[in-house]
Structures are given as C-alpha cells and as structure tokens.
Amino acid sequence: MVTTTYQVQGMTCGHCVSSVSAEVGAIPGVRDVQVDLASGQVTVSSADPLDIETVRAAVDEAGYDLVGA
C-alpha cells in the first residue's frame with residue numbers, strides 16, 4: 001500500500017470534496033481518498049505508486065488544480 005498526499009487548489013465546499021474524491025477514487029488501484037478541505041490536501045492510498053499526470057487529469061476533471069507536483 002502506498003499513501004501519497006497532494007495539494008489541490010480551488011476547493012471551497014463539501015461538493016468540491018465529493019467531486020475530487022470521486023474522480024481520484026476512480027483511478028485504477030486507488031483504495032482510499034481523504035480530502036482535508038481546510039488545507040487543500042488530498043491523501044490517496046493506492047496499491048501501487050500513481051502516475052502524477054493521471055492524478056492531475058483526475059483533479060482537473062473534477063474542476064480543480066493540482067499544485068506543487
């Protein structure tokens with residue numbers, strides 16, 4: 001199991017959390033997604049390390065920006 005924390009910009013409410021959780025959670029191999037709205041941190045547990053561009057695409061699809069990666 002691999003756990004990685006990403007910084008996501010633009011989330012402001014519970015709907016944002018749900019959108020990011022759903023999109024990132026749909027990536028093959030993802031086991032769990034925890035979103036901290038206050039800090040903008042998204043912690044992802046997966047079977048194997050995830051490709052950063054795959055995560056970026058999922059966050060983008062949800063309507064937000066992956067920063068610092």
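Source: prediction; values computed, not measured.
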*asked:* For a quick test of reading the model, state the closest non-hydrogen atom pair linking Leu66 to Val59 and the distance between them.
replied: N-CG1, 3.8 Å
_Counting C-beta onward and ignoring hydrogens, is there a side-chain heavy-atom pair between Tyr64 and Thr12 closer than 4.5 Å?_
no
*Asp51: what forms a side chain to side chain donor-acceptor pair (under 3.5 Å) with it, not counting sequence neighbours?*
Thr54
*Val33/Tyr6 under side chain to side chain contact (heavy atoms under 4.5 Å, CB included): CA gap, chis, key distance, verdict*: CA-CA 11 Å; Val33 179; Tyr6 303 95; over 6 Å; no
*Counterpart residues, side chain to side chain donor-acceptor pair (under 3.5 Å), relative to Gln34 (two or more places apart)*: Asp32
_side chain to side chain donor-acceptor pair (under 3.5 Å) partners for Ser45, two or more places apart_ = Thr3
*What about Val35 and Ile52, same hydrophobic cluster or not, with Ile/Leu/Val/Met/Phe/Trp/Tyr joined at side-chain heavy-atom distances under 4.5 Å?*
yes
List the atom pairs, with distances to 0.1 Å, where a side-chain N or O of residues 18-31 and a protein N or O form a donor-acceptor pair under 3.5 Å, not counting sequence neighbours.
{"from": "Ser18", "atom 1": "OG", "to": "Gly14", "atom 2": "O", "distance (Å)": "3.2"}
{"from": "Ser19", "atom 1": "OG", "to": "His15", "atom 2": "O", "distance (Å)": "3.1"}
{"from": "Ser21", "atom 1": "OG", "to": "Val17", "atom 2": "O", "distance (Å)": "2.8"}

N/O donor to acceptor pairs below 3.5 angstrom from side-chain atoms of residues 36-44, sequence neighbours left out:
{"from": "Asp36", "atom 1": "OD1", "to": "Ala38", "atom 2": "N", "distance (Å)": "3.1"}
{"from": "Asp36", "atom 1": "OD1", "to": "Ser39", "atom 2": "N", "distance (Å)": "3.3"}
{"from": "Ser39", "atom 1": "OG", "to": "Gln41", "atom 2": "N", "distance (Å)": "3.2"}
{"from": "Thr43", "atom 1": "OG1", "to": "Thr5", "atom 2": "OG1", "distance (Å)": "3.2"}

